[in-house]
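Let me begin by presenting the structure, written as C-alpha cells, before commenting on it.
Throughout, numbering of the chain's residues begins at 1 and tracks the sequence.
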Amino acid sequence: MVTERDYYEVLGVARGASDAEIKKAFRKLAQKWHPDVNAEVAAQERFKEINEAYQILSDPERRQRYDMFGRAGVGGDGGGFEAGFSGFNDIFDAFFGGAAAGATRRGRPAAGSDLRYDLRITFDDSIRGTDKEVEFRVLGRCDTCGGSGAKGGSDPATCPQCNGRGEVRSVRQTMLGQMVNVATCPRCHGDGKIVDEPCETCRGDGRTERARKVRVSIPPGIDEGHQIRLSGEGEVGPRGGPAGSLYVAVHVTPHPKLKREGTELIYEADISIAQAALGTRIMVPTAEGDEEIEIRAGIQPGSEIKLRARGVPHLRRTMRGDLHVFVNVAVPTRLSKKAREHLEAYANEVGDEVADAGGFFDKVRDALG
C-alpha cells in the first residue's frame with residue numbers, strides 16, 4: 001500500500017519540528033507498530049509508512065525538498081525500506097541496538113555501489129534541455145561467469161555457517177523485551193553462498209571493470225547543483241547483486257550577462273543621462289538571443305522593465321519565469337568642454353545650482369589654449 005498522507009501527519013509532529021522531536025516521535029511509533037511487537041494485521045504497513053516518513057524528514061536535504069515540492073520533490077528517495085535502511089534490522093540496529101526476530105536477508109546478494117558523475121552544461125542547455133552522453137568506468141557483471149563468481153562448470157555452494165540465510169542470529173534482551181539480534185554472516189558476507197572454485201577472470205567477485213556510456217536526458221530549467229538519478233546504472237553488486245544508481249550532478253556555466261534566480265533572469269542595463277531623459281531603444285540579452293526593448297523618456301535609475309515568459313522554464317510546470325531588466329543611469333566622470341557647456345546651459349535653463357565649472361587649474365589651462 002502506498003500512502004499519500006503528509007509525512008508530518010504520519011509522525012504526528014508539526015512542520016517546524018526539530019530533528020530531536022522527529023526522532024523521538026519515530027522511536028515512540030516504532031515501538032508501538034513494529035510487527036514483532038504488534039500483532040495487528042495492519043501493523044506492518046503502518047510501520048512501513050512510519051519508516052518512510054522518518055527517512056525523508058530526518059534528512060535535511062530531502063526534508064527541504066519535501067517542504068518545497070511535496071512528494072514530487074523527493075520522488076522515490078524515501079520509498080519503503082531500501083532508502084537509507086535495508087529493513088526492520090537496520091531500523092532496530094539504529095535505535096534499539098538489535099533487530100526484529102524473523103526479519104532476515106534470506107541470502108540476498110549485496111547491492112552495488114551508487115556512482116556520481118559531474119556533468120557540466122552550458123547556460124543555453126539548462127534553458128532548452130538537451131541529451132548528453134556520459135562515459136565512465138564501472139564494475140559490471142563478469143562475462144566469463146555471468147556474475148556468479150564461480151569457475152565454469154561449478155556453482156556457488158550454500159554457506160554452511162548460515163545455511164543460506166546470509167545472516168547469523170543471537171538472542172538478546174532490549175527495552176522491548178527479548179529480541180533476536182541479526183548480523184551479516186561473516187563467512188559469506190550476506191550472500192548465503194560461498195564460491196569454492198572462483199572464476200579466473202573476476203577471482204570470485206563476479207564483476208570486472210569496464211567503460212560504460214549512458215545517455216542522460218537533461219530537462220529544460222535544470223539548475224546548478226541539481227542531480228539526476230538513473231536507477232540500475234551504477235555498479236553491479238558482487239556475485240549477482242543488483243546494480244546501484246548513477247547520480248548525475250549538473251553544473252551550469254553561468255551566462256556572461258544574465259543572472260539567474262530560480263526561474264527568473266535578471267539583466268542590468270546601463271544607459272546615459274541623455275538616453276534616460278530623452279528615451280531610446282537598446283538591445284538586451286535573453287535566453288533566446290538579443291532582443292530590442294524601448295526605454296521610455298524620463299525613466300528613473302533603478303526602474304524595472306519586465307519581459308514576461310523570457311525567463312527559465314519551470315521543471316514541473318508548463319510555465320516560464322520572467323526576465324527583469326533593471327535600468328542603471330551612468331553618470332560620466334569626465335566631460336569635454338563642449339559637453340560641460342551644454343550641461344551648464346541646461347542647468348541654467350531649469351534653475352539647477354551646480355558647482356563652479358572652472359577651477360584654478362581649468363582657468364590656467366584655458367589661458368594657455
Checking [X] side chain against [Y] main chain: does a donor-acceptor pair fall under 3.5 Å?
{"X": "Arg207", "Y": "Val236", "result": "yes"}
{"X": "His226", "Y": "Asp223", "result": "yes"}
{"X": "Asn348", "Y": "Glu344", "result": "yes"}
{"X": "Glu304", "Y": "Phe326", "result": "no"}
{"X": "Arg260", "Y": "Gly262", "result": "yes"}
{"X": "His314", "Y": "Arg317", "result": "no"}
{"X": "Glu224", "Y": "Val252", "result": "yes"}
{"X": "Glu52", "Y": "Glu49", "result": "no"}
{"X": "Arg239", "Y": "Gly204", "result": "yes"}

Rounded to the nearest 0.5 Å, what's the gap from [atom1] on [X] to [atom2] on [Y]? Could you check?
{"X": "Leu11", "Y": "Ile22", "atom1": "CG", "atom2": "CD1", "result": "7.0 Å"}
{"X": "Arg203", "Y": "Cys142", "atom1": "CZ", "atom2": "SG", "result": "12.0 Å"}
{"X": "Phe26", "Y": "Gln31", "atom1": "CZ", "atom2": "CD", "result": "10.0 Å"}
{"X": "Ile218", "Y": "Ser126", "atom1": "CD1", "atom2": "OG", "result": "10.0 Å"}
{"X": "Ile50", "Y": "Glu45", "atom1": "CD1", "atom2": "CD", "result": "11.5 Å"}
{"X": "Asp205", "Y": "Ser148", "atom1": "CG", "atom2": "OG", "result": "11.0 Å"}

Are [Y] and [X] connected into the same hydrophobic cluster when the rule is that any two of I, L, V, M, F, W, Y join if their side-chain heavy atoms are below 4.5 Å apart?
{"X": "Leu278", "Y": "Ile282", "answer": "no"}
{"X": "Ile305", "Y": "Leu323", "answer": "yes"}
{"X": "Val284", "Y": "Ile127", "answer": "yes"}
{"X": "Val216", "Y": "Phe123", "answer": "no"}
{"X": "Ile121", "Y": "Leu230", "answer": "yes"}

### Message
Quick one, Val214 with Phe136, criterion side-chain contact (heavy atoms from CB on, under 4.5 Å). Give me CA distance, side-chain angles, the key distance, then yes/no.
### Response
CA-CA 9 Å; Val214 175; Phe136 52 97; 3.8 Å; yes
Electrostatic pair [X]-[Y], nearest N-O below 4.0 angstrom:
{"X": "Arg15", "Y": "Asp6", "answer": "yes"}
{"X": "Glu167", "Y": "Arg169", "answer": "no"}
{"X": "Arg65", "Y": "Asp59", "answer": "no"}
{"X": "Asp143", "Y": "Arg210", "answer": "yes"}
{"X": "Asp125", "Y": "Lys132", "answer": "yes"}
{"X": "Glu268", "Y": "Lys259", "answer": "no"}

Nearest heavy-atom neighbours spanning [X] and [Y]:
{"X": "Ser217", "Y": "Ile228", "answer": "O-CD1, 3.7 Å"}
{"X": "Pro285", "Y": "His255", "answer": "CB-CE1, 4.2 Å"}
{"X": "Pro219", "Y": "Leu315", "answer": "CG-CD2, 3.9 Å"}
{"X": "Ile194", "Y": "Cys159", "answer": "CG2-CB, 4.2 Å"}
{"X": "Ala287", "Y": "Leu258", "answer": "N-CD1, 4.3 Å"}
{"X": "Val312", "Y": "Gly221", "answer": "CG1-CA, 3.6 Å"}

What I'd like to find out is whether the side chain of [X] reaches to under 4.5 Å of the side chain of [Y], using heavy atoms alone.
{"X": "Pro332", "Y": "Ile273", "result": "yes"}
{"X": "Arg310", "Y": "Arg320", "result": "no"}
{"X": "Lys32", "Y": "Arg46", "result": "no"}
{"X": "Lys23", "Y": "Tyr54", "result": "yes"}
{"X": "Gln227", "Y": "Val248", "result": "no"}
{"X": "Val327", "Y": "Ile271", "result": "yes"}
{"X": "Leu115", "Y": "Glu235", "result": "yes"}

Would you say [X] has more than 12 foreign heavy atoms packed within less than 6.0 Å of its [atom1]?
{"X": "Arg308", "atom1": "CZ", "value": "no"}
{"X": "Glu292", "atom1": "CD", "value": "yes"}
{"X": "Glu341", "atom1": "CD", "value": "yes"}
{"X": "Gln161", "atom1": "CD", "value": "yes"}

### Message
If only side-chain N and O atoms count, and only distance matters, is there a donor-acceptor pair under 3.5 Å linking Arg63 with Tyr8?
### Response
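Distance-only check passes for Tyr8 and Arg63.
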### Message
Using the ring centroid of each side chain, check whether Tyr117 and Tyr247 are separated by less than 6.0 Å.
### Response
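No: the rings miss the under 6.0 Å criterion.
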### Query
Given Arg116 and Asp114, is the salt bridge (Lys or Arg N to Asp or Glu O under 4.0 Å) satisfied, shown in steps?
CA-CA 7 Å; Arg116 173 189 169 110; Asp114 294 335; over 6 Å; no
### Query
Would His324 and Tyr267 satisfy side-chain contact (heavy atoms from CB on, under 4.5 Å), going step by step from the backbone distance to the final call?
CA-CA 6 Å; His324 306 263; Tyr267 175 68; over 6 Å; no
### Task
Go through the steps to decide whether His251 and Asp118 satisfy the test side-chain contact (heavy atoms from CB on, under 4.5 Å), and finish with yes or no.
CA-CA 7 Å; His251 304 282; Asp118 290 277; 2.8 Å; yes
### Task
Please lay out, stage by stage, how Glu261 and Ile266 fare under the test side-chain contact (heavy atoms from CB on, under 4.5 Å).
CA-CA 8 Å; Glu261 292 186 0; Ile266 297 173; 3.6 Å; yes
#### Entry: Sole candidate of Glu135, Glu133, Glu233 that passes salt bridge (charged side-chain N to carboxylate O under 4.0 Å, His left out) when paired with Arg212
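Considering Glu135, Glu133, Glu233, a salt bridge (charged side-chain N to carboxylate O under 4.0 Å, His left out) with Arg212 is found only for Glu233.
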